[in-house]
Amino acid sequence: MRRHRSALLALAATLAAVPATAQTRFAWPDTAVDVSTYTTVQECYAAALRVQELVSLRELRTRGVWRDTVTFDPAELHEAGPAAVAETAQRCLRRFADVDSVSLDGFAFLLPLYLAAGWDDRAGALAERRLAAVAREDEAARGAVVDTVVAIYLAEAPWNDVVKPPRIGLAHAFASKHTPLVADRVQRFQIYVKFLPILADMARERADTARAQDVVARLVGIADSLTEAERELLAEKAPLLGGGDDVAQQIYGIYSIYFGEDAALDSLRRSTAAFVNLRRTLWVRATGRPPETFGWGMPIGEQASPIEADIWLGRDDGGEPRPTAGRISLVAFLANPECRGRVNATEEVMYAPEVCVAALVGLRRLAERFPTLDITVVARTYGHFKYIKDGITPEREAELTKRWLESFGVKAPLAMAITDAWWLPAPDRRRIEPADVNTTHYTFGKSWRLDAPVEAFLVDEDGIIIHAGSMGRDNRDFTRLIEVLLERQRAGQ
Amino acid sequence: MTPRRGNEGGVAPREPAGEEPVRILAEADCERLLERAHALARGGGDTAVTVSSWWHGELRWARNRVTSSADRREHLVTVIRTAPTGHRGAAQTNQLDDVSLEGAVRSAERVSTLGRAAGRGLGYFPPLPAYERPAAAIWSDATYGLTDAARGEIARSLIASAEARGAFSAGYLEVRAGAYAALSTAFPELRTGRHAFWEQPYVRWTQAQCSMTVRDPKLGGSGWAGGSSFDWARLDATALAARALEKCVASRNPVALEPGRYTVILEPQAVCDLLEFLMGTFEREPPERGYRGPWRLGRDEALGLWRSKLGLKVADERVTIAHDFADPDLGIIATQVEDPRPVTWIDRGVLASLGHALRTDVRELEGRHALRGATGYRMSGGDTTLEEMMRTTRRGLLVSRLSNMRLLDVESQLATGLTRDGLWLIENGKITKAVRNFRFTESPLFVLNSIEAMGEAVPVFRPTRGEGERLTPAVVPPLKVRDFSFTSLIDAV
């Protein structure tokens with residue numbers, strides 16, 4: 001009996017010890033994300049990207065404005081990334097925080113994450129450690145590492161979503177220290193070229209001209225001594241590396257920055273001939289090509305032909321030839337039939353391709369900013385308006401085009417040339433639209449074509465073309481030149 | 001007010017307790033959903049609603065055992081709301097009750113308030129001509145009625161036939177059905193009847209596909225047979241199994257041959273496999289925009305445009321490749337925007353047509369329809385039987401099918417891949433032995449220019465893969481071709 005009692009006691013003691021674990025209460029699974037439990041840098045990088053996207057979406061919902069529809073503000077370059085991204089990066093990186101011992105395997109993810117976390121000192125140390133890990137004799141790998149580090153510091157795609165703002169100082173210091181040791185001159189050139197877009201923007205805003213000058217001086221030093229074979233190699237590599245597809249154009253850009261845009265504007269203040277001469281001289285030096293090929297056929301220094309039209313609308317100058325002698329003029333070709341759209345009864349624009357909207361809004365901004373600028377919009381008939389032919393006469397086509405332009409606030413006179421089309425025989429059957437008289441007059445050489453939605457020519461008071469290019473939402477080149485031309489005109493009066 | 005859950009509006013198809021769920025939505029269900037979603041829109045603007053619905057019934061087996069059997073289905077309603085300002089928002093739901101539907105509409109409206117500025121949208125085109133649409137062979141009750149139990153029975157018999165011969169079999173049997181309908185309120189002036197050209201009235205289709213591989217584990221033989229059609233009744237599963245088994249037995253104990261150029265007899269399936277990449281290239285935009293591809297001829301400097309090979313001879317004059325929506329063996333679904341007339345891509349060896357988008361037709365060809373590339377096609381045949389082809393072959397190879405294809409060059413369409421599931425040596429008009437598989441490196445364009453004989457065109461196995469995807473049938477003849485290039489021996493069975 002005593003034995004039974006002790007067995008019961010032992011059983012009771014056992015049962016008393018376990019009942020809490022034997023029962024499980026239902027609970028919702030914990031779905032809160034704890035990034036500190038992530039075990040790879042790739043997961044951390046993905047987390048930072050997700051947070052960045054969420055922040056952007058929230059910002060869009062709050063502001064209701066898409067950034068790509070407003071003019072570019074250079075101050076955006078300096079904006080820090082969202083605090084939430086930094087916090088996510090910091091929490092997730094806890095187990096990767098020791099820069100002296102962290103594995104270098106995920107370096108291309110780790111370095112941008114350090115920057116996102118605001119750990120710039122550690123980023124610098126990590127970059128140096130990565131470079132030191134390259135075998136002394138492996139020149140190609142050394143160049144590749146320098147290239148990658150500079151690209152990350154400068155927030156090139158695909159790192160631009162995480163690295164904000166670009167660390168120009170860090171990139172410049174790193175590139176200055178290590179790029180001269182890269183044996184391959186083409187690669188060296190490509191590393192320095194990475195700075196150009198960002199430094200050109202900053203230099204224009206007078207924000208960081210010293211660094212821009214330093215990088216550009218290094219580039220000019222290499223560019224001046226590039227062999228033909230090296231230029232060819234650059235031309236082959238440039239598109240693959242995401243650079244412009246024309247190396248000569250790129251090098252000309254470098255020279256323009258190096259010798260200063262101000263010098264070009266100063267020469268324009270003096271005379272159009274001096275301006276044209278300076279640009280062409282620089283072109284020859286940068287590209288080794290003849291002066292008349294400037295800008296791949298950009299017709300600066302050419303005489304602008306008078307616009308011929310069968311139909312004029314919105315003109316109140318008594319029939320004087322345009323561009324008007326004695327005035328600073330802008331001739332804007334509405335060169336694409338897709339760039340015309342419908343305006344409904346309440347004058348709302350129902351549809352237009354985005355590039356057309358940007359070009360027409362840019363044109364309106366120029367007109368508003370420079371009320372004395374003599375703008376002429378040049379178009380041609382296509383025999384349809386947005387592919388509707390019923391009731392479309394040339395006059396009606398001109399009227400609809402004018403109404404369309406005015407819906408964007410573009411009130412400049414419209415010159416419309418009537419043209420015919422023909423068709424290739426079957427089975428090709430494509431519609432061929434011969435160039436109208438104005439297009440022929442404003443086509444210079446084989447490589448300069450009027451194919452942007454709105455292609456514009458800036459013409460001085462003597463009818464000489466100063467600049468040509470496509471209109472966009474941000475026409476900075478046109479703006480600076482118009483300012484100087486108007487200033488020159490006022491000074492001469 | 002708390003919204004009530006449920007189907008008071010009678011939108012969702014109801015399933016009495018214990019009955020099989022609705023597999024695809026009927027026309028009346030789709031119409032009710034479209035109307036209900038349109039009625040829920042608030043605040044003006046336009047509403048576009050699409051309803052898509054699909055069902056897959058599938059069964060797979062390997063090593064003579066069924067590995068999976070499933071019935072999957074999905075109904076999806078997509079609502080696009082365009083605010084009066086032109087801004088758009090979209091939302092989707094796969095719940096068909098009133099509350100969910102209203103949630104989707106409200107969600108689309110919320111998103112539309114964030115919308116981008118003018119610049120995105122459909123644009124507009126002239127109204128489409130009212131086409132007489134042929135009744136296409138795209139629906140089969142036999143396919144839709146093949147239940148999981150019936151599929152199981154069929155698989156059991158197929159497996160049993162292989163098992164009885166001591167072979168392993170693997171394969172799948174899949175039946176599918178889909179339905180789609182779309183309706184919007186935008187651009188009333190462009191409607192031909194109720195629908196605008198971009199809107200699909202209710203359409204439903206079925207697809208059946210069956211594939212079986214039989215392997216001899218001891219003697220190394222492998223045989224395959226497969227078929228696909230909108231109509232299960234047209235596929236003889238027992239005959240497929242018998243053919244796979246017969247090929248397996250005949251391909252036992254293969255011998256190695258030297259790679260090189262051989263006269264080959266390509267069975268219809270091998271021809272279809274070889275043409276697969278080429279059939280995706282029948283579009284006029286790539287060659288006429290200058291992209292590399294088989295149909296780009298070159299730049300016409302006089303007209304300043306790229307020319308395609310339209311009108312030029314590209315294949316043997318016995319080759320005609322075409323599609324016809326009314327072809328009872330094909331079963332292609334025409335979209336609203338498509339020209340429903342028969343199209344000949346290659347007409348007696350001459351490239352006669354290339355597909356194009358509606359936009360291209362309207363802009364460049366003065367037309368009003370799209371022309372989809374060769375998704376489903378029929379290739380002309382001849383009257384030479386396989387036996388005759390063999391009888392006239394002194395030394396050559398009989399090829400069952402090709403697999404693991406990779407495109408090597410887009411211009412010549414040079415591709416590489418493997419022969420599989422049956423390759424035999426023909427000597428002096430007779431099959432003498434099974435041969436180990438080869439890697440081939442060959443272009444279908446070269447093959448179409450090296451034809452010695454053509455047999456009768458028959459439907460082949462060309463399955464659809466994506467969920468709810470439409471039909472891509474092919475009717476192809478066997479070909480006897482000279483100088484087919486085999487580049488190495490491979491170990492694959």
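Sequence lines set the chain letters: A, B, ... in the order given, protein chains first and strands last, and positions in each chain run from 1.
Atom NZ of B/Lys313 is surrounded by more than 12 heavy atoms from other residues, nucleotides or ligands within 6.0 Å. Crowding of B/Glu317 atom CD: a count of heavy atoms from other residues, nucleotides or ligands under 6.0 Å not exceeding 12.
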Given the rule in the side chain to side chain contact (heavy atoms under 4.5 Å, CB included) test, do A/Leu424 and B/Arg307 qualify, once you have shown the distances and angles that lead to the verdict? CA-CA 11 Å; A/Leu424 286 171; B/Arg307 301 297 287 260; 4.1 Å; yes
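To the nearest 0.5 Å, the span separating CG on B/Leu305 from CD1 on A/Ile432 amounts to 4.5 Å. Note that the CZ atom of A/Arg430 and the NE2 atom of B/His356 stand 12.0 Å from one another [nearest 0.5 Å].
Looking at every heavy atom in both residues, B/Gly311 comes nearest to A/Pro427 through N-CG, 3.6 Å.
Residues A/Arg431 and B/Glu366 are paired through a salt bridge, judged by an N-O separation under 4.0 Å between the basic side chain and the carboxylate.
Within the 4.5 angstrom heavy-atom criterion, only side-chain atoms of B/Leu303, from C-beta onward, approach chain A. For chain A, the nearby part of B/Arg284 is the side chain; its heavy atoms alone come within less than 4.5 Å.
B/Glu102 pairs by the side chain to side chain donor-acceptor pair (under 3.5 Å) definition with B/Arg106, not counting sequence neighbours. Applying the salt bridge (Lys or Arg N to Asp or Glu O under 4.0 Å) criterion to A/Glu302, with sequence neighbours excluded, gives no partner residue.
Proximity of B/Glu288 to A/Asp428: side-chain heavy atoms (C-beta onward) are separated by under 4.5 Å at one or more points.
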